[in-house]
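One structure is given here, and the rest of the page talks about it.
As the structure lists them, so they are numbered: ligands from 1, and atoms in each ligand from 1. Just so we're clear, the structure is a prediction, and the values are computed from it rather than from any experiment.
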Amino acid sequence: MLFFRLLVASVTIFCFTSLVLEAAELPNDEVEGLREIGKTLGKKDWNINVDSCSNKSGWGKPESIQDNNITCDCGTICHVTFISLKSQNLQGMLPTDLSKLPYLKNIDLTRNYLNGTIPSTWGSTQLEVISLLGNRLTGPIPKELGNISTLIEFVVESNQLSGELPQELGNLNNIRRMLLSSNNFSGQLPETFASLTTLDDFRIGDNQFTGQIPSLIQNWTNITRLVIQASGLSGPIPTGISLLTKMIDLRISDLSNGTEISFPPLNDLKNLKILILRSCNIGGQLPPYLGQFTKLSSTLDLSFNKLTGPIPSSFSSLSKTDFIYFNWGMMPE
Ligand SMILES: *[C@@H]1O[C@H](CO)[C@@H](O)[C@H](O)[C@H]1NC(C)=O
Ligand SMILES: *[C@@H]1O[C@H](CO)[C@@H](O)[C@H](O)[C@H]1NC(C)=O
Ligand SMILES: *[C@@H]1O[C@H](CO)[C@@H](O)[C@H](O)[C@H]1NC(C)=O
Ligand SMILES: *[C@@H]1O[C@H](CO)[C@@H](O)[C@H](O)[C@H]1NC(C)=O
Ligand SMILES: *[C@@H]1O[C@H](CO)[C@@H](O)[C@H](O)[C@H]1NC(C)=O
Ligand SMILES: *[C@@H]1O[C@H](CO)[C@@H](O)[C@H](O)[C@H]1NC(C)=O
Ligand SMILES: *[C@@H]1O[C@H](CO)[C@@H](O)[C@H](O)[C@H]1NC(C)=O
Ligand SMILES: *[C@@H]1O[C@H](CO)[C@@H](O)[C@H](O)[C@H]1NC(C)=O
């Protein structure tokens with residue numbers, strides 16, 4: 001197999017090609033695009049003398065290929081589809097211009113020191129996965145990102161992002177994972193989020209949101225993981241949560257609202273493996289059905305509530321659950 005030798009660029013491309021016999025080559029525009037992106041991100045260990053579409057890493061140390069690679073899709077010509085630069089100590093900023101890489105689907109810059117804002121120009125890409133977890137990004141999420149109709153995963157946890165979530169994000173009709181935890185987002189969840197019915201995983205813990213947990217979450221009937229811990233949102237927990245029957249992992253905590261609520265109707269959430277309803281101002285008695293949730297094997301945390309009465313005898317069947325936290329003062333029946 002022949003591979004195109006990059007003369008000007010300084011990158012390695014992995015081509016996962018199905019035995020294409022012609023020489024596969026990366027268009028000059030994409031080579032130039034990669035060079036610009038590397039420069040903006042602060043990628044310093046480039047190697048100019050490696051073949052494209054080989055598995056020799058031009059990004060840096062070969063042993064770090066797992067977290068440090070480019071993937072391209074090759075027919076008669078190659079196109080860059082995936083940039084992965086995880087934990088590479090990158091100290092630059094996000095590139096504003098991705099237009100030279102029109103086939104890019106996945107950009108993963110997890111755990112670097114990138115600062116600056118998320119460029120609004122990314123709104124005109126056809127990205128499927130954006131992962132910026134664990135950087136130093138600031139500013140709001142640009143409303144233009146609501147235009148990325150191809151977007152499936154949007155992961156920006158553990159940055160310093162702020163401002164209100166743009167209502168345009170409600171247009172993301174393919175989104176499955178939206179992970180926004182550990183930032184400084186404020187305001188309410190936009191009403192347009194009612195249309196995010198493809199959501200599988202939504203996390204907004206550790207933020208500065210205001211207002212109540214909106215009842216629109218009941219529309220997310222495909223969701224399996226919902227994390228609203230210390231998000232700033234207040235109670236009560238909407239009763240429509242009873243419709244989210246595919247839920248496996250439900251974590252809600254630190255709801256500020258002095259009004260005591262009764263235990264939320266989780267009767268039909270029988271797939272739960274993890275249930276955390278900690279400091280949610282829940283009063284009244286523990287519902288016996290919870291004791292029959294046979295999959296609840298990892299964590300059950302109902303501490304810091306106002307639950308009263310005995311622990312129902314059905315809970316003895318939860319003996320396989322690794323961690324159980326109740327309110328102090330509750331006694332087994
Ligand atoms: C590069 O490595 C991947 C997986 O490790 C393999 O599938 C692919 O065929 C390799 N490409 C070349 C050109 O050796
Ligand atoms: C490239 O990086 C991605 C994401 O880290 C990883 O899943 C993939 O296995 C890597 N490819 C190679 C050839 O190591
Ligand atoms: C990003 O960090 C660098 C230092 O690493 C600093 O000089 C620059 O001002 C920062 N930019 C922003 C937008 O915070
Ligand atoms: C979204 O894209 C449309 C065209 O498809 C454009 O008219 C509109 O200005 C874009 N909106 C944003 C917020 O970028
Ligand atoms: C978070 O945002 C609030 C305003 O909404 C601001 O007062 C506060 O300083 C910000 N905190 C951080 C850590 O950026
Ligand atoms: C949300 O669900 C309600 C009924 O539960 C429905 O009337 C509404 O149209 C849904 N909204 C969206 C945007 O899907
Ligand atoms: C819900 O999930 C199922 C199975 O994963 C999928 O076939 C279906 O399209 C999803 N529905 C929505 C609205 O995303
Ligand atoms: C507190 O919860 C009650 C219902 O449980 C609701 O009527 C009230 O508006 C909530 N208060 C605030 C400030 O959110």
For Thr198, the ligand 7 atoms with a heavy-atom partner under 4.0 Å come out as 14 (O)
Any non-hydrogen protein atom less than 4.0 Å away from [atom]:
| atom | value |
| --- | --- |
| atom 11 (N) of ligand 7 | yes |
| atom 8 (C) of ligand 3 | yes |
| atom 2 (O) of ligand 7 | yes |

For the SG atom of Cys280 and the CG atom of Leu307, what is their distance to the nearest 0.5 Å?
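Going from the SG atom of Cys280 to the CG atom of Leu307 covers 10.0 Å.
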Review point. Taking the inter-plane angle between the rings of Tyr289 and Phe263 on a 0 to 90° scale, is it parallel (under 30°), tilted (30 to 60°) or perpendicular (over 60°)?
Key: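 It falls in the perpendicular class, over 60°.
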Restricting to heavy atoms, the pick from Leu114, Thr138, Asn115 nearest atom 6 (C) of ligand 3 would be Asn115
Candidates Thr197, Asn173, Asn174; heavy atom nearest atom 13 (C) of ligand 7 found on Thr197
| field | Given Leu127, Val129, Ile130, the one that forms side-chain contact (heavy atoms from CB on, under 4.5 Å) with Asn106 | value |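 Among Leu127, Val129, Ile130, the one meeting side-chain contact (heavy atoms from CB on, under 4.5 Å) with Asn106 is Val129.
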I'd like to check Asn219 versus Ser195 (side-chain heavy atoms, cut-off strictly below 4.5 Å). Are they in contact? no
| So do Val156 and Leu180 actually touch side chain to side chain, heavy atoms under 4.5 Å? | yes
Looking only at heavy atoms, the pair that brings Pro95 and Pro119 closest together is O-CG, 3.5 Å
inquiry  = Tell me whether Gln91 has any N or O atom under 3.5 angstrom from an N or O of ligand 3.
reply    =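 No.
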So for Asn222 against ligand 7, with non-hydrogen atoms under 4.0 Å, the contacting part is side chain
